[in-house]
Amino acid sequence: MAAVVLVGAQWGDEGKGKITDYLAERADVVVRYQGGSNAGHTVMVGREEFKLHLVPSGILYPGKLCVIANGVVLDPQVLVQELDGLAGRGVDTTGLRISDRAHLILPYHRGLDAAQEEHRGQAMIGTTKRGIGPAYVDKTARTGIRVGDLLDWEEFEKKLAHNVVVANELLAKIYNQPGYDLRAILEEYAGYTERLRPLIADGVRLVNRALQEGRKVLFEGAQGTLLDLDQGTYPFVTSSYPIAGGACVGAGVGPTRIDKVIGVVKAYTTRVGSGPFPTEITGPAGDALRQQGMEFGTTTGRPRRCGWLDTVILRHAAEVNGLTGIALTKLDVLTGLEPLKIGTAYRYRGEISQDFPASLKALQECEPVYEELPGWQEDITGAGSIEDLPVNCRNYIRRLEELVGVPVHLIAVGPRRDQTIVLKDAF
Ligand code: GDP
Ligand code: IMO
Ligand code: MG
């Protein structure tokens, strides 16, 4: 199998970084296809922890071809910082390439993101304030500036001059915020251009050529299905398409090229930011799960809201992504919890529904229907095979597979590379 898409099946932070890093060893190319520096993907190599925001999680294998594809909104400030950070830790980043079609995040996108959040008041989305939404707004409004524009400075200057005026007007007149200085941005971005110039490439050709040559390509999703602009809990979503179809659009690859879609599923559910979350555990029990799972945001440090596994959202994820397998992560975090609960359906106005509703109001009214399963007490962080797992743990996995209708292919029992049980190879 040559093309595998890896997607988050919940609200992000499922452990995509760890699974990508694991699969990347066997892949020839790793591609990030959407989102931007709102993502925070943690990879542990031995005792060393890496937090990646823009660079694909395959970068930790020396020389591996890693592509930031056209669907990403790229903040060069973050990228340069990330590359410096990696270089400072001895990581070889020479394999990185950036698509000339990727859109740029500019300082006013970050300013607008923060101003719009403040303006929303109680209705705030809880964005990462990385400028993601405003950058995608410019892209769809057809006024965005692309990475390739950096290579034609006159063109870049012209587009930027126009966009800065519009952004400053918006900031001043609607949000009562100070504006940005065109000259200062030009100077700053001239520096990034010199730095990034050697990395800019035709990402579409790079990825398609690799596929034509029969090389193994791994598409690394950011965020998750429930944060997808169309399939998530709109409007409490991000502004891109994390679902598997997003890999085709975001990398310029035809759907017939994709062989497998792996959904990364955390053994329970978490969410950062606002919006409905039916199986959320509030109070001390939720706090305990947060501590046990160390559920604090990689990008913003915010505490993540925690809850039970919700198979209604996972069936939705299985459907809209066409999942062929599941990578189940953080199973070790459930050790000691008794009993375990799995959300199997929603009760809405007295009726039981198996389906995930589009209406936020309906979702807010949905009460989860739970099934209880006995937990396990044994430490599973050293388990090397499925047989090493306690029987109740295996039953939990089996029940998840039954309820979602997708087989589990990988199991993570800890953050390190070696804490991974493989039931079926992705490549
Ligand atoms: P991502 O955004 O999907 O890549 O996930 P994050 O990196 O934001 O959050 C996942 C966190 O869980 C990271 O701190 C990982 O190191 C950690 N992690 C991943 N898999 C496991 C696991 O199986 N067990 C435990 N205990 N931690 C894990
Ligand atoms: P990874 O790739 C979890 C959430 C934000 C907010 C909403 C919109 O690490 O899984 P945005 O800044 O994108 O406009 O914020 O989406 N969000 C994430 N939550 N993991 C992420 O990325 C996220 N990226 C964005 O918290 O609710
Ligand atoms: Mg994350």
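Just so you know, ligand 1 is whichever comes first in the structure, and atom 1 is the first atom listed for that ligand. When reading the values below, keep in mind they use all heavy atoms of this one structure, side chains included, and skip hydrogens, waters and symmetry mates. Note that the structure is predicted; figures quoted are calculated from it, not measured.
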Would Gly12 count as a polar contact of ligand 1, with the cut-off being nitrogen or oxygen pairs under 3.5 Å? no
Tell me, with the steps shown, if Asn38 and Gln223 meet side chain to side chain donor-acceptor pair (under 3.5 Å). CA-CA 8 Å; Asn38 48 350; Gln223 289 80 51; 3.1 Å; yes
Pair Thr269, Trp308 - check side chain to side chain donor-acceptor pair (under 3.5 Å), show working. CA-CA 6 Å; Thr269 313; Trp308 297 113; over 6 Å; no
Considering the options Lys260, Arg26, Lys216, which one meets the salt bridge (charged side-chain N to carboxylate O under 4.0 Å, His left out) requirement together with Asp425? Arg26
Of all heavy-atom pairs between Leu54 and Ser37, which one has the smallest distance, and what is that distance? CD2-N, 3.9 Å
For ligand 1, find out whether one of its N or O atoms is nearer than 3.5 Å to an N or O atom of Ala412. yes
For ligand 2, would you mind listing the residues that have at least one heavy atom less than 4.0 Å away, ordered by chain and number? Trp11, Gly12, Asp13, Lys16, Asn38, Ala39, Gly40, His41, Ile125, Gly126, Thr127, Thr128, Ala222, Gln223, Leu227, Val237, Thr238, Val272, Gly273, Arg302
Pairing residues for Arg89 by the side-chain contact (heavy atoms from CB on, under 4.5 Å) criterion, not counting sequence neighbours: Glu48, Phe50
Geometry only, no angles: is Lys330 polar-contacting ligand 1 at N/O separations under 3.5 Å? yes
For Lys16, the atoms of ligand 1 under 4.0 Å from one of its heavy atoms are 1 (P), 2 (O), 3 (O), 4 (O)
Can you report which non-hydrogen protein atom sits closest to atom 24 (N) of ligand 1, along with the distance? Asp332 OD1, 2.7 Å
Under 4.0 Å between heavy atoms, the region of Val413 that gets near ligand 1 turns out to be backbone
Any N/O pair Thr298/ligand 1 closer than 3.5 Å: yes
side-chain contact (heavy atoms from CB on, under 4.5 Å) assessment of Leu423 paired with Leu410: CA-CA 6 Å; Leu423 304 177; Leu410 286 153; over 6 Å; no
Of the options Tyr268, Trp11, Tyr346, which is the one that meets Asp310 in a side-chain hydrogen bond (donor to acceptor under 3.5 Å, both in side chains)? Tyr346
How far is atom 20 (N) of ligand 1 from the closest protein heavy atom, and which atom is that? Lys18 CD, 3.5 Å
Should Leu331 be counted as touching ligand 1, given the test is an N or O pair under 3.5 Å? no
I would like to know whether Thr279 and Lys341 meet side chain to side chain donor-acceptor pair (under 3.5 Å); could you show each step before the answer? CA-CA 10 Å; Thr279 62; Lys341 289 193 195 182; over 6 Å; no
What's the spacing between Asn168 CG and Tyr108 OH if we round to 0.5 Å? 9.5 Å
Within the 4.0 Å heavy-atom cut-off, what Asp13 brings close to ligand 1 is both
Decide yes or no for Met124 and Gln122: does some side-chain heavy atom of the first lie under 4.5 Å from some side-chain heavy atom of the second? no
Can you tell me if OH on Tyr348 sees more than 12 non-hydrogen neighbours from other groups inside 6.0 Å? yes
Listed pairs under 3.5 Å, donor-acceptor, residues 61-76 side chains, sequence neighbours left out:
from	atom 1	to	atom 2	distance (Å)
Tyr61	OH	Asp21	O	2.8
Tyr61	OH	Arg417	NE	3.4
Lys64	NZ	Ala24	O	2.8
Lys64	NZ	Glu25	O	3.3
Lys64	NZ	Ala27	O	2.7
Asn70	ND2	Val249	O	3.0
Asn70	ND2	Gly250	O	3.3
Asp75	OD1	Gln77	N	3.0
Asp75	OD1	Arg110	NH1	3.3
Asp75	OD2	Arg110	NH1	2.5

Pair Asp287-Gln291, side-chain contact (heavy atoms from CB on, under 4.5 Å): steps then yes or no: CA-CA 6 Å; Asp287 296 342; Gln291 288 305 329; 5.6 Å; no
Relative to atom 5 (O) of ligand 1, which among Gly224, Ala267, Gly17, Gly15 owns the nearest non-hydrogen atom? Gly15
Before giving the answer on side-chain contact (heavy atoms from CB on, under 4.5 Å), spell out for Gln34 and Tyr241 the whole-Å C-alpha distance, their side-chain angles and the decisive distance to 0.1 Å. CA-CA 7 Å; Gln34 47 69 232; Tyr241 299 104; 5.6 Å; no
Please test Asp355 against Glu319 for side-chain contact (heavy atoms from CB on, under 4.5 Å), starting from the C-alpha separation and ending with a verdict. CA-CA 11 Å; Asp355 296 329; Glu319 202 161 82; over 6 Å; no
I'd like to know if the side chain of Asp138 pairs up with that of His109 as donor and acceptor (distance under 3.5 Å, no hydrogens or angles considered). yes
In terms of atom number and element, which parts of ligand 1 are under 4.0 angstrom from non-hydrogen atoms of His41? 1 (P), 2 (O), 4 (O), 7 (O)
Return yes or no for this condition: an N or O of Arg304 is under 3.5 Å from an N or O of ligand 1. yes
N or O pair under 3.5 Å between Gly40 and ligand 1: yes
Measure distances from the Mg ion (ligand 3) and count the protein N, O or S atoms below 2.8 Å. 2
Among all protein non-hydrogen atoms, which one is nearest to atom 15 (C) of ligand 1, and what is the separation to 0.1 Å? Thr42 CB, 3.9 Å
Exactly one candidate in Glu14, Gln292, Glu295 meets side-chain hydrogen bond (donor to acceptor under 3.5 Å, both in side chains) with Lys330; the answer is Glu295
